[in-house]
There are 2 protein chains.
Amino acid sequence: MNITLRQLRAFLAVSQHRGFARAGEHVGLTQPAISRRIRELEDNLGVRLLDRTTREVALTATGQRLAGELARVLETLDTLLAETRQAGEQARGTVRVASSPTLSASLMPACLADCGQQYPQVRLQIVDQVQRLNLDSVQSGEVDFGLVVDPQSPPGLDGVSVGSDPFVLVLPASHPLAAQASVGWAQLAAQPLVLLDGNSGSRALIDQALAQHGVSGEVVQALGHSTAVFRVVEAGIGISVSPQLALPLPAGSTLVVRPLLPEVRRQVMLVRRSGRSLSPVAEKVWQLMQATLGGLLSGNG
Amino acid sequence: MNITLRQLRAFLAVSQHRGFARAGEHVGLTQPAISRRIRELEDNLGVRLLDRTTREVALTATGQRLAGELARVLETLDTLLAETRQAGEQARGTVRVASSPTLSASLMPACLADCGQQYPQVRLQIVDQVQRLNLDSVQSGEVDFGLVVDPQSPPGLDGVSVGSDPFVLVLPASHPLAAQASVGWAQLAAQPLVLLDGNSGSRALIDQALAQHGVSGEVVQALGHSTAVFRVVEAGIGISVSPQLALPLPAGSTLVVRPLLPEVRRQVMLVRRSGRSLSPVAEKVWQLMQATLGGLLSGNG
DNA sequence: GATATTCATGGCAATTTTTTATCAATCAAT
DNA sequence: ATTGATTGATAAAAAATTGCCATGAATATC
């Protein structure tokens with residue numbers, strides 16, 4: 001009872017090739033199949049579209065009008081479908097990735113490079129924000145996905161770990177602890193600490209690690225960005241626990257770096273909305289970044 | 001491998017009703033059927049169109065673009081198909097009917113009246129020509145069909161008889177033969193005859209009837225229209241054999257009419273191109289005229 | 001007339017499609 | 001927490017469709 005595209009396509013083929021058998025060849029069907037489809041279409045429409053004598057096929061007035069319009073409509077439809085198909089294959093367009101400040105500086109450049117090489121048509125745009133905002137941006141769909149640090153139980157987000165990054169101690173070369181090759185977390189007790197502030201994804205992890213080792217460090221300064229933290233430490237205000245990825249230190253710095261034992265690592269993760277799929281392009285970039293970051297961080301610990 | 005309208009319609013329904021089961025209700029299918037169609041469509045396109053969580057269905061970016069465009073395209077298509085369907089049901093438009101002069105005056109007025117009453121939206125246009133031209137016009141498709149007189153073996157035309165019409169003798173009241181209640185064909189021998197000319201459909205029949213009765217009437221005048229014939233007869237130039245339908249005689253005429261025995265009738269026929277269908281409107285008018293003329297001519301003989 | 005070409009038709013097989021149950025996952029409310 | 005309701009996915013059986021083959025019927029051409 002319903003008109004199908006195949007009936008319409010058969011009709012167009014017949015009207016173009018002026019013959020059922022010829023139309024069949026072009027469509028890949030036998031003549032009886034065409035015959036039936038045309039009859040079905042005519043029955044469905046309640047109108048005779050083709051006058052068939054045994055010698056030739058001619059469009060009726062109604063058929064003529066239909067054929068003309070139909071050709072346009074079907075072409076539009078085919079174009080639309082082809083475009084949709086391409087959307088899945090084509091790697092082009094813009095992908096927005098939210099990234100935490102430290103990671104934007106340390107990991108994203110390599111991703112940008114790889115992406116530019118692999119998918120020249122893709123514009124990979126970094127949205128550099130503090131972790132809390134990043135998660136919101138991913139959740140709201142404002143960005144395609146995010147590169148963040150160990151978000152505990154992300155609400156409505158799916159994440160995959162791409163590697164981990166240890167925390168290290170950053171302190172002036174003149175500091176007593178700098179004499180050791182490595183420093184234990186417990187030794188940080190009573191030390192004045194300069195840390196990233198609570199908007200950073202790492203801060204909660206650092207606090208947790210300190211608490212775990214019974215240390216209630218005195219945080220004398222909390223800052224938004226590692227660069228600022230290093231400056232303050234350099235000024236002798238205190239010492240800092242920093243993600244290794246925040247290194248290297250600025251050139252000419254008088255600071256030194258020491259491993260913190262036992263090693264505490266933060267997970268670096270890619271996160272996306274759960275239950276929602278990425279756009280085809282974003283999916284490709286997601287895969288690419290997973291590979292790129294896996295390579296980078298495996299070498300890193 | 002081929003995308004069907006049903007898949008596309010299912011997709012649109014889902015995108016509108018935000019749910020497979022709800023979409024199914026509106027389309028008249030069960031939920032699994034919808035589920036399958038959507039999957040087929042996505043497989044065919046190679047793109048995910050809908051993100052389904054167990055709680056809600058959301059369009060992907062690709063799906064969103066497709067849904068918007070598709071709604072327009074399918075609406076266009078549906079409109080086109082509806083129009084085509086209507087073309088078959090709707091009785092409106094112009095129908096051109098070729099008609100021989102005598103018939104245009106005698107039979108067509110009733111047809112015009114009936115048609116105007118039955119199908120007010122239809123414009124029934126009479127193409128009043130001599131028979132020969134009428135047949136050509138029908139053949140070429142210049143008119144939808146024709147109302148003609150007994151065309152022997154019409155080439156490429158199909159005809160149906162709608163009745164017949166006897167030939168009668170028309171002559172001055174003062175003529176010797178006018179004294180008889182009826183006249184035999186044989187009595188026309190040696191009479192000067194005023195007849196319709198060869199372009200008329202009746203002329204060949206009259207000649208044939210005369211020959212059949214061994215009469216080689218002397219045709220002193222051949223004219224194109226019955227009105228002219230009557231005038232010439234009235235002028236005393238000769239007597240005439242005329243189709244009864246050419247009557248009544250002009251008011252105030254001094255002529256009289258006598259039956260010709262044995263009765264010879266001409267067939268009145270509707271003719272159309274063989275192998276070609278009429279437009280839906282023309283088909284309706286064809287049917288109507290067949291009925292109307294059948295009624296008129298059955299009363300007539 | 002005989003032949004060739006063209007569309008229509010009936011029967012049978014294969015494929016496709018739909019439905020009927022069922023499952024699995026999630027959200028909401030007790 | 002557990003339960004209940006809602007939603008989409010899945011498997012198997014049933015129903016419908018679709019295709020091809022072998023014909024038939026009509027007509028134009030030689």
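Chain letters run A, B, ... following the sequence lines, proteins first, then strands; residues in each count from 1.
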From the options [options], select the nucleotide whose nearest atom is closest to the side chain of [X].
X: B:Pro32; options: D:dT10, D:dT7, D:dT18; result: D:dT10
X: A:Ala33; options: C:dT18, D:dC20, C:dT9; result: D:dC20
X: B:Phe20; options: D:dG8, C:dT19, D:dC21; result: D:dG8

For the pair [X] and [Y], find out whether any cationic side-chain nitrogen is under 4.0 Å from an anionic carboxylate oxygen.
X: A:Arg203; Y: A:Asp207; value: yes
X: B:Arg272; Y: B:Asp158; value: no
X: A:Glu56; Y: A:Arg22; value: no

To the nearest Å, how far apart are [X] [atom1] and [N] [atom2]?
X: B:Asn44; N: C:dT16; atom1: CG; atom2: P; result: 12 Å
X: B:Arg37; N: D:dG8; atom1: CZ; atom2: C1'; result: 17 Å
X: B:Glu56; N: C:dA25; atom1: CD; atom2: P; result: 18 Å
X: B:Leu41; N: D:dG8; atom1: CG; atom2: P; result: 16 Å
X: B:Arg6; N: C:dT19; atom1: CZ; atom2: P; result: 11 Å
X: A:Arg39; N: C:dT6; atom1: CZ; atom2: P; result: 21 Å
X: A:Asn2; N: D:dA16; atom1: CG; atom2: C1'; result: 14 Å
X: A:Glu40; N: D:dA16; atom1: CD; atom2: P; result: 15 Å

Classify [X] by what it touches in the nucleic acid, base, sugar-phosphate, or nothing, heavy-atom distance under 4.0 Å.
X: A:Arg18; value: nothing
X: B:Ala21; value: sugar-phosphate
X: A:Arg36; value: base
X: A:Ile34; value: nothing

Notebook entry, point to check: Any idea how A:His17 and A:His26 line up, ring-wise: parallel (<30°), tilted (30 to 60°), or perpendicular (>60°)?
Noted result: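 Ring orientation of A:His17 relative to A:His26: parallel.
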Can you see if the side chain of [X] gets near the phosphate of [N] - specifically, an N or O under 4.0 Å from OP1 or OP2?
X: A:Arg52; N: C:dA8; value: yes
X: B:Thr30; N: C:dT19; value: yes
X: B:Ser35; N: D:dG8; value: no

Notebook entry, point to check: DNA chain D: A:Gln31 or A:Thr53, which has the more 5' nearest nucleotide?
Noted result: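 Nearer the 5' end of the strand: A:Gln31.
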Next item on the list: Check for a donor-acceptor pair, side chain of A:Gln129 on one end and backbone N or O of A:Ala98 on the other, with a separation under 3.5 Å.
Entry: no
